[in-house]
Amino acid sequence: MNENHSTKTTLPQFPEPYWRIGTTLSPFPKLDHNIQVETAIIGGGISGITTAYLLAKEGVKVAIIDAGTLLNGTTGHTTAKITAQHDLIYHEFMQTIGKERAALYYEANHHALNFIKSTVAEHKIECDLTEEDAYIYTNSDEYVSKLHDEFTAYQELGIDGEYVQSIPLSIPIKAAIVMKKQAQFHPVAYLSRLVQFIIDAGGSLYENTPAVNIEEGLQTKVITKDGHTVTCNNAIICSHFPFYDGSGFYFSRMYAEKSYVLGIKTKQDYPGGMYLSAENPKRSLRYTMMNGEKLVLVGGESHKTGQGICTIKHYEAIQAFGEQVFGIKEIPYRWSTQDLTTLDKIPYIGPLTSGNQSVFVATGYRKWGMTNGTVAALLLKDLIMQQENPYAELYSPYRLTVNPSFKNFFIQNADVAKHLVAGKLGMVFTKPEELSNDEGAVVTVNGERAGAYKDQDGKLHLVDTTCTHMGCEIEWNAGDRTWDCPCHGSRFSIDGDVIEGPAEKPLKKVEEE
């Protein structure tokens, strides 16, 4: 363990993910006219791009539209572990959904891992793909038994794993389980090559083109914010949170969590491998190569979006961990990500609703988007091509799993109700003029609650604090300089623009009298 705490490395002032740096991806135009394709895909992350790639290989005419820029959402903010080791989940799945479905979940994600490996080999993609063992470790007596249970599940499901007493890191542990021959890569470099294939196959891609609605009929029409239409036979929603609900009530069947990542240059060498702590607060570790040296990605500190302590404190907690384990020379990057979890922890992939076979959705990856997003693409391709897929029922968005989904439905929505009421009752005494530059807070303006951010130049940005989705009160996220909703995870910019749904409308602007 490194005990040198004499200096504290400075955190980057603004969040920026490493994956977007130095990767050349040409900008794509904004959609400014009506188009017609066979399949329209909304969302340019790993699910949307891989699905478009697979369909293009089948000769399907596809178009991708993205509200911002490609690969700048959740996929651009990932830690990019390619693994079927999704925390301690297989023992739980065997208890809740049964051995057969637990095995299907593993097989689907293991197949996704192998698909990525084979695709990289087929196209000779330079994306820093390395095969790594994945570890879950604990230093807690409580979690030793849980690791035993998980390893027993590995054995029953035929997972290539091992129960061990030590790991290559200089971290005190009491036990760990390892899943062999997993992988890590540079996600933007990998997906950029698939984008080029889509273009070469005649596909079209559009950026800065938010989709706001879908009209269903003899043909499906995706409506953009500017009023243009994408007419298609099938529409696939890969926009992280479904921008179009279709009476599927997805906002009540998922919850959003934030987590944080630092990219650090370390004093001690990183030994390789991917790691995750079993207990909370979570600690996630992997490395990537940057200019010939290892950049260690230290992540964790999960919490529900819009809830918890000042967000910059989460970065500081991760920084303290990195300093303790490795010693930190420099912190070139920091970023956060938001992930969605379904009621039974299995993603929703398939037709949006039971009565709709032309609009599809892929969401709820629970932090494991590299494999689950690839699972989604492989499954969606088969559904569009009307081919059998062994995982369709497992991932069906309208599946009925009484235990634990029914219980979790009430737990999550009771939490929403609590924050809805609490936000309305809170008293606010801070005034906008009391804020320092680069500070945000809920304040009182004209006798009413308002959200205020004073930028680095001293300009004040005022918004209404009522979320436009269902009326909850938003909270200031100091780490990312956004307004976040604690109820359903909607996020807004300092000027109230929607960054992430389910909210569709911006926050109202507030003017001082």
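In what follows, residues are counted from 1 in the order of the sequence shown. The figures that follow rest on heavy atoms only: side chains count, while hydrogens, waters and symmetry mates do not.
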NZ/NE/NH1/NH2 to OD/OE distance under 4.0 Å, Lys221 and Glu216: no

Sidechain-backbone polar pair: Glu150 side chain, Tyr90 backbone, donor-acceptor under 3.5 Å: yes

Residues Thr69, Glu207; criterion side chain to side chain donor-acceptor pair (under 3.5 Å); working and verdict: CA-CA 5 Å; Thr69 55; Glu207 295 181 324; 5.0 Å; no

Value rounded to 0.5 Å, distance of OH in Tyr391 from CG in Asp382: 10.5 Å

Where Ile64 and Gly44 come nearest, the two heavy atoms and their spacing: CG2-CA, 4.1 Å

Spacing of Ile214 atom CD1 and Ile42 atom CD1 [to the nearest 0.5 Å]: 5.0 Å

Distance-only donor-acceptor check, side chains Glu132 and Tyr287, under 3.5 Å: yes

Straight-line distance of Glu215 CD to Ile223 CD1, nearest 0.5 Å: 4.0 Å

Nearest heavy atoms of Met370 and Phe185, plus distance in Å: SD-CE2, 3.6 Å

Heavy-atom closest contact (Arg334 atom, Leu262 atom, distance): CB-CD2, 3.5 Å

Ring centres under 6.0 angstrom apart (Tyr53, His123): yes

Residues Ser47 and Tyr365: side-chain donor-acceptor under 3.5 angstrom: yes

Lys258 side chain to Ser336 side chain, donor-acceptor N/O pair below 3.5 angstrom: yes

Lys345 and Thr96: side chain donor to acceptor below 3.5 Å: no

Between Thr482 and Asp484, a side-chain donor and acceptor under 3.5 Å: yes

Thr229 backbone acceptor or donor facing Asn34 side chain under 3.5 Å: yes

Residue pair Glu473 / Thr466, side-chain donor-acceptor N/O under 3.5 Å: yes

Separation of Met179 CE from Asp160 CG (nearest 0.5 Å): 9.0 Å

Tyr105-His86 aromatic ring centre distance below 6.0 Å: yes

Thr468 (side chain) donor-acceptor with Lys505 (main chain) under 3.5 angstrom: yes

Minimal non-hydrogen separation, Thr220 against Ser358, with atom names: OG1-OG, 3.3 Å

Mutual orientation of the aromatic rings belonging to Phe251 and Phe249 [parallel < 30°, tilted 30-60°, perpendicular > 60°]: perpendicular

Centroid-centroid under 6.0 Å between Trp476 and Tyr453 rings: yes

Spacing of OH belonging to Tyr255 relative to CG belonging to Leu343, to within rounding of 0.5 Å: 9.0 Å

Point-to-point distance, once rounded to the nearest 0.5 Å, from CZ of Phe360 to CD1 of Ile237: 11.0 Å

NZ/NE/NH1/NH2 to OD/OE distance under 4.0 Å, Asp87 and Lys282: yes

Given Tyr398, Tyr250, Tyr395, the one that forms ring pair (Phe, Tyr, Trp, His ring centres under 6.0 Å) with Tyr348: Tyr250

Over 12 non-hydrogen atoms of neighbours within 6.0 angstrom of NZ in Lys180: yes

